[in-house]
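To keep things clear, I will list the structure first and then write my remarks on it.
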Amino acid sequence: MGLRPFRIENWKREPGFQHQIEHIETLLSSEAFSLPDELDLPAFIREYLEVKKIRLFSHQQSCLEAIRQQKSVIITTSTASGKTLGYMIPILERAMQHPEETTLLLFPLKALANDQWKQIKEMQELMKINVPAFIYDGDTPLSQRSMIRSKARIILTNPYELHYILPWHAKWARFYSHLGVVVIDEAHTYRGVFGSNFSLLVRRLKRICHFYQSKPVFVLSSATMQNAQEFSKKLIDESCQLIDQDGSSKGTKHFVFYNPFKNGQDTRTTLDESRKIFHYCISHELQTLCFVGSRKSTEWILFQLKQKKNPFNQPLLDRISSYRAGYLPEERRRIEQQLKSRELLGAISTNALEVGIDIGSLDSVIITGYPGSVISTWQQAGRCGRGKNESFVFLVAYQNPLDQYIMKHPIEFLNRNHEHAIINPHNPYILANHLLCAAYEMPVDPEKDSVFFGLDTTPWWLFFEQEGLVTKTALGYTYIGRDPAVKLVSLQHLTNEPFRLFCGNTLLETLDKGQVFREAHEGAIFLHFAEPYRVISVDWITKKIEVAREETDHSTEVMKEISVQVLHKRESQSWRALALQFGEINVKEHYFAYQEKRYQQVLSQHEMNLPPMEFDTESMWMEIPDEIIYTLQKKHTIEDIMGGLHGTEHAMIGIMPFYVMCDRRDIGGFSTMQYLPTGKPTIFIYDGYEGGIGLSEEAYRNFEAIIEATYEVVKTCPCDSDNGCPACIQSPKCGNENAFLNKAVTIELLEWMMRLPASIKKESHARKKRK
Amino acid sequence: MNFERLKDRWRSVSYYTRPADNSLPVLLKKYEGASFEDFFNGRSIQNELGELYHFSKEYSLARYPEHWEKQLFPLLSNLKLVTGIGDKTHQRLRRSGYNSVLDLQTHPRFGKASEELQEALQTENLSVMLSYCRSRIGYNHPDLLCLSTFHSLQHLCFLDIETLGLYNCPLFLIGIARWNEKGVQINQYLAPNIMQERAVLTACRNELPPGSILVTYNGDSFDIPFINDRLRLYQLPLIPRSPSFDMLLYVRWQWRNQLPDCRLQTVESRMLGRTRNDDVPGSLVPTYYQTYLARKNIGPLIPILEHNQLDLVSLMEIFFTMIEPEKYGTTPVSY
């Protein structure tokens, strides 16, 4: 039998693969780098490092230095570079120097907290020290909670639990009074709505610490991102020292950009290409992890592989498994263990395996479709190649503008320092929720406490008082609503009473109103943990949604009519004589029907009777100057020009995730030949979340990069149809079924928009300064 | 910032939007234009932390002790106080003529334990005695109540508070009742608005002399920690938790199986034979207070003051009932 070892040169020449390879980049290995040792570590740590044969890398050393100097840090070195050790060493050092000091470790997932707790326990056993460390979360039994509160010096928990227990700070007085370090692990996951909520939770925590007279140092452990320092300032309201030079050793990594649509559209599909690559890799003894976008896809690949049964393949097939979040915890632990021990040669997984859990180091990773962010891409790619061996990453593109753009710009992609992580601690709806929680925890004095929230909150308190939600005490405003504020505020949502999705009696998820309109209306096929469910009924009053499991490969897409109204223009700039504005708008989205589809094919259409969804949000918009329209009118009809605006809107939204950490579904767009108040042709690009979470603002500030990339995508797209293709101007969530699109006019329009002389003048209408 | 959109979100938790019961408009009308001075000797007083209203009223009780003196027999006759004596031994020893723990001094087996007990009792420190005895006969055994006789009746302070919620919110009324020779003297301290909460807390602390013993209903779990949480927030000195008698615990111990529940008003009706008319339900107290604030009409507070007074009166009578079980019996009315 004899499996030949994998060699990239051989793979490149395989007839089935060679014509789709866009580019292969070889990232060279690097040696471990440590600073000259002048760390002066205490004996128990030195001995531990000797026993484990560890020499601290440069970034771990820097982290130690910073924490010793009471400086908050953000560490953005790659996965498996030993970030955890980097912060646990200084924490344990401090713990032994200051016998009263306490530490708080926050993880976004319980599984991570569990993993971490085991590691800490192991470390302490080897170091022969005992700093009581406990997990305190929803699974902690009531009978133990009192003991933990009084004894623990290290607490591992998650944001949801912290949110609930912060009002009980009187019971945690000892812990908060001596809080020395707060660790926020996987900090990059705190973005969007969840991140904005979390950032306010951190501000509440800091206010409580202030009352108990402690000022902990923060450690943010994160994947690499473009704007780490800006992000950390927004997340924890404090400047952090950036540690981004990775001193760990790395083997050679080959990064393959594989495009099934390199030569235009034929019969290939992305998923099938992934399968072929996966099959090839494991046949050549590479332990491989294949990431796909949905549970259905994991099952499909496994099914296809098992079709090809023969004595050669069977032993291989026994060593493959699928993996997804929907599996029971025991099953998941088993698969993780088998990957670590190399019992399993291959796994096909949703992005559930992207995050932290230790599965050892694999030989290769296949990423099916750009995962939506550069961060996710590197997280997934980071699953292979820890250590000295060669490793291989295959990025397989889908047929959409973003993936295709990446395929054509591999070097730019690799050099990108990752997107901007976006959060908005000033989103008014989220802020209101957390101000009320803060008032519930401890009276808020607008004069003294506004510093924790970054703006003058006085008008808010006057409003809350008027509504009977707070009352003034000698110490400030205190919450007097009927139910505890924290019970009504969910960190995942903007609203304080999200909709609840039930399958039978089991609560599956909670959703914001917007999500209900768009994804969970009656008749919709809703994906929960990548598994399909059919929405049976929606009760708008009790906010309960009833769903049932359905085995199907159909999907549903809403059709909508949008109208937009500018409420308040905050800023404007001229970009090459385009008038760009940014401010608040009111959006009315009227979902009048939905389509049931199988992949791209529409099977049926159903009317819906929903009230329009209305919300205020932030938006960027641009007016197309008259001259451009007159010029275009010489050759095209008004309808075609509309098709050009529409195409531009779609293409820009499609490209945006490359610059702003979001999904294209987080962004809404609206274009019109006549925006009524002004009569001008206008394109709006807005945040799909009430109050805005910073997406369109980022687009406004990075407009040049975005429009240039947009132009390139549409211009170079090899499709030759009049109304484009999914790779350029068609959008998966177009409310008008991608009708009224015109590729040629889109290109001309973009050319005119970009050709006018570059002159950027910013007029700021902003009265409020954003930090 | 347009706050209009925020209104909808929190509407359901605001007390303003909850339809209160029908009494509220009636009260507002009835007491329109009235002031605190018109009721219960109301007068405004000032202390270093603010201004509050003080009300006082005297009640005569249906049940009260005619003599009050140090009387430990009910406790001492419970031989289970001695380590090692359980139910059966207690019965056996009683039949053999040992009526009190003091008699056991000469007993070969239990003499030593009996002496230890007496030493604890000789400290005359109520907290010490309570904790020693509690661990032996049960945390909430009614026989423990007679330990209160170590102090004069004036030392007993019966306490009940009214708040704007269960946790992390302000209180606005503290009622303290004490015995004077003629009967009960109730003093109530009301915050005319929440800014004066500190003044009320301080007035309450001043009212409680050192060495006072707090008697409450559910106070060990609610009233006393609540007051202390608020004191801590304002960085004022706390009141001691102990010694205190939380009558709910004793009531439960005694009547758990004979009453549908141990709420104060249930005990009041089944043991004391009293029912109230038109009493304000506890869950509406916050709404009433907030209505008073919003409308500047004292009407809603009058029923709250009365409710607080009746609670204190019942609390005292329950205490006196349980401390003299032979006199008042221990059987609730049954249906």
Side-chain angles (χ1 to χ4, degrees), chain A residues 166-171 173 211 426 428-429 431-433 435-437 439-443 455 457 459-460 462-489 494-497 513 567-568 584 586 614-617 690-691 768, chain B residues 1-18 20 48-52 163-172 191-202 225-226 228-236 238 283-287 289-295:
Chain A
L166 213 44
W168 298 92
H169 53 83
K171 296 193 190 241
F211 177 80
H426 295 290
Y429 303 100
L431 181 62
N433 285 351
L435 285 178
L436 289 168
C437 288
Y440 177 66
E441 282 153 7
M442 200 183 280
L455 72 163
T457 50
W460 299 79
L462 295 174
F463 168 71
F464 292 141
E465 194 177 25
Q466 216 179 310
E467 292 293 303
L469 293 169
V470 302
T471 191
K472 238 180 156 171
T473 73
L475 291 174
Y477 289 96
T478 192
Y479 174 81
I480 49 170
R482 199 167 330 117
D483 295 316
V486 293
K487 283 230 173 78
L488 299 172
V489 173
L494 282 167
T495 60
N496 64 333
E497 277 174 2
K513 190 161 81 155
L567 295 175
H568 171 57
E584 279 138 42
N586 174 275
E614 195 191 324
F615 59 100
D616 292 343
T617 186
E690 258 188 299
K768 300 180 238 173
Chain B
M1 165 66 200
N2 178 6
F3 288 112
E4 284 306 309
R5 294 218 170 258
L6 281 179
K7 273 193 180 165
D8 298 325
R9 304 199 169 211
W10 292 87
R11 188 154 288 173
S12 60
V13 293
S14 164
Y15 282 101
Y16 287 175
T17 55
R18 182 180 174 176
E48 62 274 17
L49 288 179
E51 197 181 303
L52 60 141
T163 70
L164 286 183
L166 288 176
Y167 189 68
N168 273 10
C169 56
L171 56 72
F172 63 89
N193 57 65
I194 299 300
M195 290 293 285
Q196 310 304 335
E197 189 191 4
R198 277 192 304 191
V200 166
L201 288 165
T202 308
F226 197 101
N228 275 337
D229 275 346
R230 302 308 293 173
L231 287 167
R232 206 178 290 119
L233 199 59
Y234 291 110
Q235 294 174 332
L236 295 169
L238 309 181
S283 55
L284 283 182
V285 164
T287 311
Y289 187 82
Q290 294 196 37
T291 310
Y292 144 75
L293 281 181
R295 306 289 200 94

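Scope of the values below: all heavy atoms of this structure, side chains included, with no hydrogens, waters or symmetry mates. Each chain gets a letter, A, B and so on, in the order its sequence line appears, and its residues count up from 1. Given the structure is predicted, the values throughout are model-derived calculations rather than measurements.
Judged as a side chain to side chain contact (heavy atoms under 4.5 Å, CB included), and not counting sequence neighbours, A:Q466 has no contacts. Remark: A:P167 pairs with A:Y440, A:E441, A:V486, B:N168 by the side chain to side chain contact (heavy atoms under 4.5 Å, CB included) rule, at least two apart or across chains.
In this structure, A:L435 and A:Y477 have side chains that are not in contact, with every pair of non-hydrogen atoms separated by 4.5 Å or more.
The greatest number of non-hydrogen atom pairs below 4.5 Å with chain B, out of A:G691, A:G481, A:A474, is found for A:A474. Each of A:T471, A:L567, A:I480 has some count of heavy-atom pairs under 4.5 Å with chain B, and the biggest count is that of A:I480. Of the listed residues (A:T473, A:L436, A:L469), the greatest number of heavy-atom pairs within a distance under 4.5 Å of chain B belongs to A:T473. For the set A:F464, A:F615, A:Y479, A:F463, the count of heavy-atom pairs under 4.5 angstrom toward chain B peaks at A:F463.
Residue A:P484: no heavy atom, backbone or side chain, is found under 4.5 Å from chain B.
Here the side chain of B:Q196 pairs a donor or acceptor atom with the backbone of B:E51 at under 3.5 angstrom. Between the side chain of B:R230 and the main chain of B:R198, no donor-acceptor pair closer than 3.5 Å is present.
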